[in-house]
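Quick notes on the structure that follows.
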Amino acid sequence: MYSFWAANSLWEYFKVTEDSIVLRLLPDLVNNYYAWEKGWTRSGHFIGKCEDGLFSTYDDRDGMEMQISGSGKRPTINSYIYADAIAIAKIASVTGEKDIQREFTQKAEQLKRLVLENLWDEEATFFKTRSETDNRLADVRELQGYTPWYVNLPPDKMGYDKAWQFIKENNGFNAPYGLTTAEQSHLKFTIAYIGHECLWNGPVWPFATSVTLTALANLLNNYEQDVVSESDYYNEFVKYSLSHRIVDDSGRILPWIDENLNPYTGDWISRSRLEVWENGTWSDEKGGKERGKDYNHSTFCDNLISGLIGLRVQEDKALVVNPLIPENAWDWFCLDGIMYKGRMVTILFDKYGTKYDRGIGLMIFVDGKMKVRSEQIERVRIEF
């Protein structure tokens, strides 16, 4: 009942591992897609494909409860379903199931058109939710509006990239401890320590940040635009890294991941709420204030590997590396022991050649042999 993108995830996994189990799962992935098309009702909300072809869900089942925009045809669920259709078509192309490939390619193309026509607010230059109550676009920009780039849905050079200006604006999503889940200029933007403990109307959520960073990396790698740069990715990634901490009672700073953050103080809001929770729902037996500890909704490792270090997974027998690290930001880095399409890959940068004693610049090793050396950080492609 929660939004998820199983086919897309499995296809991405297949591109890295070439594991045939993904191909054997094709019938199940097709049936799962059909189930979402058929839809169902939960708590008075319809989840599934509407008459106009777009998919609807309510914010809670999108994992984003209490959002300002509420329920309806959301950029998230429609992006995920689009990605699944693309993935099913790709898997079918490998297995030789031409009818399935054609069917799901058409489904993806139709859904992409509907998202662009119905969820893009030209005046606000943003993807928004179309409400289930009055079928109008919400009057708020929310971080979920970047989800279409998570799956490379928007076309290039068509002006959609204007949406990304708001991650840099202080009345938009930019805040000291991360990207807020709603634009800060909206009247209903809230950072609250009363009521529901999981609000998506302002706080920073690691899940939303992860999706947005992946979308931003896609924008920088796959699109021609001048709205944001690699420095913007780097700055947000570093901010995100620094948010993964907590100060204990003795004043020590510890590595930490929890649910939602106060964008101005870095406090883990749900944790603070659950310390004084009044209705007993989250008793110590059910986790209490520790309920959100190690909350597994951050794709930090992927944002580091494929985003910052820039290992861009390819469908063919190739390796592309495009680090999003600004010039002079780091003197060295090394990502080692990466198993990619059955080969062992190392990505190494040494500005002065004194850290690793392998030379100066960016170096890519495959199965222990150097395949590329560049004196500067840049995009490189290696054919296997």
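Starting from 1, each residue takes its place in the sequence as its number. Values reported hereafter were calculated over all heavy atoms of this structure, with side chains retained and with hydrogens, waters and symmetry mates removed.
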- Apart from Met370 itself, what residues make up its hydrophobic cluster when side-chain heavy atoms of I, L, V, M, F, W and Y under 4.5 Å apart count as a link, directly or indirectly?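 ILVMFWY cluster around Met370 also holds Trp332, Leu348, Tyr356, Met363, Phe365.
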- Query: Which ILVMFWY residues can you reach from Leu254 by hopping between side chains whose heavy atoms are under 4.5 Å apart?
  - Reply: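 Joined to Leu254, directly or through intermediates: Val204, Ile246, Trp256, Ile257, Leu261, Trp268.
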Any ion pair linking [Y] and [X] (charged N to carboxylate O, less than 4.0 Å)?
| X | Y | answer |
| --- | --- | --- |
| Arg113 | Glu117 | yes |
| Asp139 | Lys188 | no |
| Lys355 | Asp350 | no |
| Arg271 | Glu197 | no |
| Glu18 | Lys317 | yes |
| Glu12 | Lys15 | yes |
| Arg381 | Glu383 | yes |

Using every non-hydrogen atom in the two residues, find where [X] and [Y] come nearest and quote the distance to one decimal.
| X | Y | result |
| --- | --- | --- |
| Gly195 | Arg273 | O-NH2, 2.8 Å |
| Ile91 | Trp11 | CG1-CE3, 3.6 Å |
| Ser270 | Glu259 | CB-OE2, 3.4 Å |

Beyond-backbone contact of [X] with [Y], side-chain heavy atoms, under 4.5 angstrom:
| X | Y | answer |
| --- | --- | --- |
| Arg312 | Asn218 | yes |
| Lys73 | Thr129 | no |
| Ile347 | Val345 | yes |
| Leu26 | Ile88 | yes |
| Phe14 | Leu23 | yes |
| Arg42 | Tyr58 | yes |
| Ile81 | Tyr33 | yes |
| Leu308 | Ile325 | yes |

- Can you list every pair that meets side-chain hydrogen bond (donor to acceptor under 3.5 Å, both in side chains) and has a residue in residues 85-96, with sequence neighbours left out? Lys90-Glu315
- Message: Tell me which pairs pass side-chain hydrogen bond (donor to acceptor under 3.5 Å, both in side chains) where either residue lies in residues 171-180, with sequence neighbours left out.
- Response: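 Only Asn170-Asn174, Asn174-Lys239 qualify under side-chain hydrogen bond (donor to acceptor under 3.5 Å, both in side chains).
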- Task: Please assess Ser9 against Phe4 for the test side-chain contact (heavy atoms from CB on, under 4.5 Å), listing each intermediate value before the final yes or no.
- Result: CA-CA 9 Å; Ser9 299; Phe4 75 118; over 6 Å; no
Looking only at side-chain N and O atoms, does [Y] offer a donor or acceptor that is under 3.5 Å from a partner on [X]?
| X | Y | answer |
| --- | --- | --- |
| Asn8 | Tyr80 | no |
| Glu65 | His196 | no |
| Asp267 | Thr265 | no |
| Thr17 | Tyr340 | no |
| Thr76 | Tyr150 | no |
| Tyr264 | Gln184 | yes |
| Ser69 | Glu142 | yes |
| Asp62 | Ser3 | yes |

With the 4.5 Å side-chain cut-off for hydrophobic clustering, are [X] and [Y] part of the same group?
| X | Y | value |
| --- | --- | --- |
| Met344 | Ile309 | no |
| Val151 | Val313 | yes |
| Leu274 | Met66 | no |
| Leu179 | Leu199 | no |
| Ile269 | Leu143 | no |

- Task: Kindly indicate, with the supporting measurements, whether the criterion side-chain contact (heavy atoms from CB on, under 4.5 Å) is fulfilled by Arg74 and Lys128.
- Result: CA-CA 7 Å; Arg74 297 164 55 82; Lys128 294 181 175 181; over 6 Å; no
Rounded distance [0.5 Å steps], [atom1] in [X] versus [atom2] in [Y]:
| X | Y | atom1 | atom2 | answer |
| --- | --- | --- | --- | --- |
| Phe104 | Gln106 | CZ | CD | 11.0 Å |
| Leu137 | Asp121 | CG | CG | 5.5 Å |
| Gln376 | Leu362 | CD | CG | 9.5 Å |
| Leu304 | Phe300 | CG | CZ | 5.5 Å |
| Ile167 | Glu236 | CD1 | CD | 5.5 Å |
| Asn78 | Leu153 | CG | CG | 9.0 Å |

- Message: Set out, in order, the CA-CA distance, both residues' side-chain angles and the distance that settles side-chain contact (heavy atoms from CB on, under 4.5 Å) for Val380 and Val320, then state yes or no.
- Response: CA-CA 6 Å; Val380 298; Val320 170; over 6 Å; no
- For Ser241, all residues meeting side-chain hydrogen bond (donor to acceptor under 3.5 Å, both in side chains), sequence neighbours excluded: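 For Ser241 there are no side-chain hydrogen bond (donor to acceptor under 3.5 Å, both in side chains) partners, ignoring immediate neighbours.
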- Quick one: list whatever passes ring-ring contact (aromatic ring centres under 6.0 Å, His included) with Tyr82, sequence neighbours left out.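 Checked Tyr82 against ring-ring contact (aromatic ring centres under 6.0 Å, His included); zero matches.
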Got a donor-acceptor contact below 3.5 angstrom from the [X] side chain to the [Y] backbone?
| X | Y | result |
| --- | --- | --- |
| His186 | Ala182 | no |
| Asn118 | Leu114 | yes |
| Lys168 | Val227 | yes |
| Lys341 | Gln314 | yes |
| His297 | Asp258 | yes |

- Message: Would you say the ring centers of Phe207 and Tyr295 fall short of 6.0 Å from each other?
- Response: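 No, they do not, as the ring centres are separated by 6.0 Å or more.
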- Message: Are Phe166 and Phe173, when compared by the centres of their aromatic rings, separated by less than 6.0 Å?
- Response: no
- Residue among Tyr160, Tyr146, Trp164 satisfying ring-ring contact (aromatic ring centres under 6.0 Å, His included) with Phe127: Tyr160
- Mind checking whether Phe237 and Tyr233 have parallel, tilted or perpendicular rings, split at 30° and 60°? parallel
- Message: As a quick check of understanding, evaluate side-chain contact (heavy atoms from CB on, under 4.5 Å) for Gln67 and Asn201, giving each step before the final call.
- Response: CA-CA 5 Å; Gln67 281 208 304; Asn201 56 0; over 6 Å; no
